[in-house]
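Below: one structure, written as structure tokens.
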Amino acid sequence: MKTPVIFDGHNDVLLHLYEAGGMATSETFLTGRDGAIDQAKATAGGFGGGFFAIYVPSPSNYDVKMQEMTKPSYDLPLPAAIGWKEALPKVMAIAAILFNLENKGALKVCHSAADIRVSLSKGEIAAIFHIEGAEAIDPDLHNLEVLYRAGLRSIGPVWSRPTIFGHGVPFRFPSDPDIGPGLTDHGIRLVKRCDELGVMIDVSHLNAAGFWDVARHSTKPLVATHSNAHGICPHSRNLTDDQLAAIKESDGMVGLNFAAAFLRGDGRMVDDVPLEQMLRHIDYLINHLGEDRVGFGSDYDGAIVPKGVATAADLTNLRQAMVKHGFNDILMTKLCHENWLRVLEKTWGS
Ligand SMILES: [Zn+2]
């Protein structure tokens, strides 16, 4: 099953292209690459696009981190904070890859829900310029103004390591997300300015105190682009029932993260996860949020995911499992893209 097309809350393909050689390597998105997303895999699996994250890497080793998370319990130390002067050139370099892909006709950088609808209807990959971790934004928010003009439409105040705006959750299992203080004064100003501009605030990676600060200070729907249900997998990165209630109340949504460690009840980053475990989270999220507030946030190219959905080409398996599970056509369309479009339209105003 290749339809309904899936619009997705999170992928890290740009980081991988950056680390593999930047502009020189971005061609592999069109010609084929080893990772989870490229043009051929997107077409084969009905991957319509989504949030393309720009993330400034820390020196920590990805493989070591993933290995540590295969243990029955873990508490990974967070990498050191990165200042905006160090982060900004990297954000520019990674954003340049996104625009290069657009220049080559691989995708379209969308600025509104209407733009996304047009791209999806044409079978063109719809990309949202998203920054995961606001390190590149200066305390005066000047860089936010300029990045918005360049097409930025979504930002996470933190990717787990601390920023001048707030504190993230460490990768800890088992644990609830109530670790550390909330948003700083800079963080509250960031939220308010993003609301005014029409830049979505992503609460995935925020700790509980930061989440509640966003809930207090933002007038927009609360959105977690790639997080799961703490009631099924008690990981610090997952959302508690109280948080889900606040997301519902704000008419926001949650994108289901495919990362094995946030799906499995035992919190291990190991890929032998049956698709039924993903359906358990979807059912749980629907029970708490309603059918209009759940979508996908794969974390493709950023995590170890279940074998059955190893790459974007395998999204056909996920749809099949959903239909077998009893989801009707209307619900399938909502989960696959319509809920994202609804919430983005509400957040951005068009
Ligand atoms: Zn993430």
Side-chain angles (χ1 to χ4, degrees), residues 7-19 35-37 50-58 60-66 68-69 74 76-79 81-82 87 90-91 94 98 127-136 152-163 165-173 175 177 179 200-208 210-211 214 222-230 233 235-239 243 247 253-264 267 269 278 281 295-306 309 312 340:
F7 186 81
D8 181 63
H10 190 90
N11 76 69
D12 288 304
V13 70
L14 295 176
L15 174 67
H16 281 254
L17 294 173
Y18 171 71
E19 292 193 320
I37 303 177
F51 292 67
F52 281 62
I54 294 181
Y55 163 76
V56 176
S58 280
S60 66
N61 185 313
Y62 173 83
D63 294 333
V64 172
K65 183 179 146 197
M66 291 296 148
E68 189 63 23
M69 289 173 75
Y74 46 84
L76 275 61
L78 285 174
I82 298 174
K90 290 178 182 165
V91 164
I94 302 171
L98 176 68
I128 294 176
F129 179 174
H130 167 74
I131 292 183
E132 181 176 40
E135 279 87 357
L152 179 75
R153 289 295 179 274
S154 171
I155 193 165
V158 293
W159 168 87
S160 292
R161 78 195 152 209
T163 66
F165 304 107
H167 302 266
V169 275
F171 295 85
R172 189 183 290 180
F173 182 90
S175 173
I179 305 165
M200 197 195 87
I201 293 285
D202 181 8
V203 299
S204 288
H205 287 281
L206 270 174
N207 62 9
F211 173 96
V214 174
L222 283 170
V223 178
T225 57
H226 59 309
S227 294
N228 294 341
H230 196 272
C233 166
H235 198 292
S236 57
R237 270 282 280 109
N238 285 340
L239 298 159
Q243 291 177 307
I247 290 169
M253 71 175 285
V254 175
L256 181 81
N257 194 321
F258 297 5
F262 312 147
L263 287 170
R264 297 168 60 106
M269 196 64 105
M278 300 176 78
H281 279 272
F296 295 113
S298 68
D299 221 342
Y300 271 148
D301 284 316
I304 290 166
V305 301
V309 287
W340 269 124

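Excluded from the calculations below are hydrogen atoms, water molecules and symmetry mates; all remaining heavy atoms, backbone and side chain alike, are included. Fair warning: this is a prediction, and the values are worked out from it, not measured in the lab. Whatever order the structure lists ligands and atoms in, that order sets their numbers, starting from 1.
Judged by distance alone, the side chains of Asp202 and Ser154 never bring a donor and an acceptor atom under 3.5 Å apart.
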Show your reasoning for whether ring-ring contact (aromatic ring centres under 6.0 Å, His included) applies to Phe165 and Trp159.
-> CA-CA 11 Å; Phe165 304 107; Trp159 168 87; over 10 Å; no

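For the Zn ion (ligand 1), the set of protein N/O/S atoms nearer than 2.8 Å consists of Glu132 OE2, His205 NE2, His226 NE2, ordered by chain and number.
One finds the NE2 atom of His10 at 13.5 Å from the CG atom of Leu256 (value rounded to the nearest 0.5 Å).
His16 places no side-chain N or O within donor-acceptor distance of the main-chain N or O of Gly35, the cut-off being under 3.5 Å.
The two atoms that bring Ala303 and Met269 nearest to each other are CB-CE, 4.2 Å, heavy atoms only.
Within the 4.5 Å cutoff, the side chain of Met200 has heavy atoms near those of the Phe51 side chain.
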